[in-house]
Amino acid sequence: MAKIQSDTELETISIAEKLALLLKPGDVVTLEGELGSGKTTFTKGLAKGLGVKRNISSPTFTIIKEYEGEMPFYHMDVYRLENSEEDIGFDEYFHGNGITVVEWAHFIEEFLPEERLEISISYLNEDRRELELTPTGPHFKWVVNELMS
Ligand SMILES: Nc1ncnc2c1ncn2[C@@H]1O[C@H](COP(=O)(O)OP(=O)(O)OP(=O)(O)O)[C@@H](O)[C@H]1O
Ligand SMILES: [Mg+2]
């Protein structure tokens, strides 16, 4: 487990951008954290790092949004799937050729791949956040080591 402090929105974006450069097709990044902690902000940084040109919006009513960058980029916000056991074809995203980021991932815990990078964002004050990174499997452990070095 690794911890990174971010003091501004831009810093969160740049951490995510740096992370994006370490990811490979099929990777899954999960984001947890209270409302307004910065999950979508982090996602914008990932998209930027992957060369996505379109603006990332918060997919409030859409569970999954797809973007094109250097590879496909899937942005899920599964907040609305709380208490739902519905499988909306997650495997196609998780085992596909794109990178998937999932806000509120614990609501679809049973569908998540075992190997993933979990990021939990805590609100410290208005502009300060703490990001806690928990990698599963050798690839994501390597990713976190590189990010921290
Ligand atoms: N260090 C920081 N990192 C990220 N966001 C920050 C930071 N400081 C301030 N902010 C602000 O916090 C807000 C984060 O909003 P964002 O939509 O990213 O949160 P979220 O976790 O996706 O919320 P939701 O649960 O509603 O989806 C933005 O308004 C952003 O400008
Ligand atoms: Mg959000």
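Note that the structure is predicted; figures quoted are calculated from it, not measured.
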query = Should we say atom CD of Glu109 is surrounded by more than 12 heavy atoms from elsewhere, each under 6.0 Å from it?
reply =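 Counting other residues, nucleotides and ligands, CD of Glu109 exceeds 12 neighbours.
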task = Take atom NZ of Lys24 as the centre, draw a 6.0 Å sphere, and report whether it contains more than 12 heavy atoms from other residues, nucleotides or ligands.
result =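 Atom NZ in Lys24 is crowded, with more than 12 foreign heavy atoms closer than 6.0 Å.
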inquiry  = So if I apply the side chain to side chain contact (heavy atoms under 4.5 Å, CB included) rule between Leu117 and each of Leu19, Thr30, Leu147, which one comes out positive?
reply    =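 Among Leu19, Thr30, Leu147, the one meeting side chain to side chain contact (heavy atoms under 4.5 Å, CB included) with Leu117 is Leu19.
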Going by heavy atoms in the side chains, are [X] and [Y] under 4.5 Å from each other?
X	Y	answer
Val29	Val102	no
Lys48	Val52	no
Trp104	Arg80	no
Leu23	Ile99	yes
Ile64	Ile88	yes
Glu11	Thr8	yes
Met71	Leu50	yes

request  = Apply ring-ring contact (aromatic ring centres under 6.0 Å, His included) to Tyr123 and list each qualifying residue two or more places apart in sequence or on a separate chain.
outcome  =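 Result, ring-ring contact (aromatic ring centres under 6.0 Å, His included) vs Tyr123: none returned.
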query = With sequence neighbours excluded, what pairs up with Phe111 under the ring-ring contact (aromatic ring centres under 6.0 Å, His included) test?
reply =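 Testing Phe111 for ring-ring contact (aromatic ring centres under 6.0 Å, His included), a comparison that skips the adjacent residues, returns Phe90.
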Run the side chain to side chain contact (heavy atoms under 4.5 Å, CB included) test against [X] and tell me which residues pass, sequence neighbours left out.
X	answer
Thr12	Ser6, Thr41, Phe42
Glu70	none
Lys3	Met1, Glu130, Glu132
Pro72	Glu68, Tyr74

So which atom in [X] and which in [Y] form the shortest heavy-atom distance, rounded to 0.1 Å?
X	Y	result
Pro113	Val28	CG-CG2, 3.7 Å
Arg129	Ser37	NE-O, 2.7 Å
Asp77	Ser58	OD2-OG, 4.5 Å
Met76	Thr100	CE-CG2, 3.7 Å

request  = Sequence neighbours left out, what pairs pass side-chain hydrogen bond (donor to acceptor under 3.5 Å, both in side chains) with at least one residue falling in residues 84-99?
outcome  =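 Sorted pair list: Glu66-Tyr93.
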If hydrophobic clusters are built from ILVMFWY residues whose side chains come within less than 4.5 Å, do [X] and [Y] share one?
X	Y	value
Ile119	Ile13	no
Ile121	Met148	yes
Leu10	Leu21	no
Leu31	Leu112	no

inquiry  = For residues 28-44, which residue pairs pass the salt bridge (charged side-chain N to carboxylate O under 4.0 Å, His left out) check, not counting sequence neighbours?
reply    =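 Counting only pairs at least two positions apart or across chains, no salt bridge (charged side-chain N to carboxylate O under 4.0 Å, His left out) contact touches residues 28-44.
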inquiry  = Run the side-chain hydrogen bond (donor to acceptor under 3.5 Å, both in side chains) test against Asn145 and tell me which residues pass, sequence neighbours left out.
reply    =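 With neighbours one apart ignored, the set is empty.
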ask   = Who passes side-chain hydrogen bond (donor to acceptor under 3.5 Å, both in side chains) against Arg128, sequence neighbours left out?
value =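 For Arg128, the residues satisfying side-chain hydrogen bond (donor to acceptor under 3.5 Å, both in side chains) (neighbours in sequence not counted) are Asp7.
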ask   = Ignoring hydrogens and geometry, is there a side-chain-to-backbone donor-acceptor pair from Thr62 to Lys65 under 3.5 Å?
value =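 Absent.
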Compile the donor-acceptor pairs under 3.5 Å between side chains in residues 133-141 and protein atoms, sequence neighbours left out, one pair per line.
| residue | atom | partner | partner atom | Å |
| --- | --- | --- | --- | --- |
| Thr136 | OG1 | Arg116 | O | 3.3 |
| His139 | NE2 | Asp27 | OD1 | 3.3 |
| His139 | NE2 | Asp27 | OD2 | 2.7 |

inquiry  = Show every ring pair (Phe, Tyr, Trp, His ring centres under 6.0 Å) that has at least one partner inside residues 8-36, sequence neighbours left out.
reply    =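 Of all non-adjacent pairs touching residues 8-36, none passes ring pair (Phe, Tyr, Trp, His ring centres under 6.0 Å).
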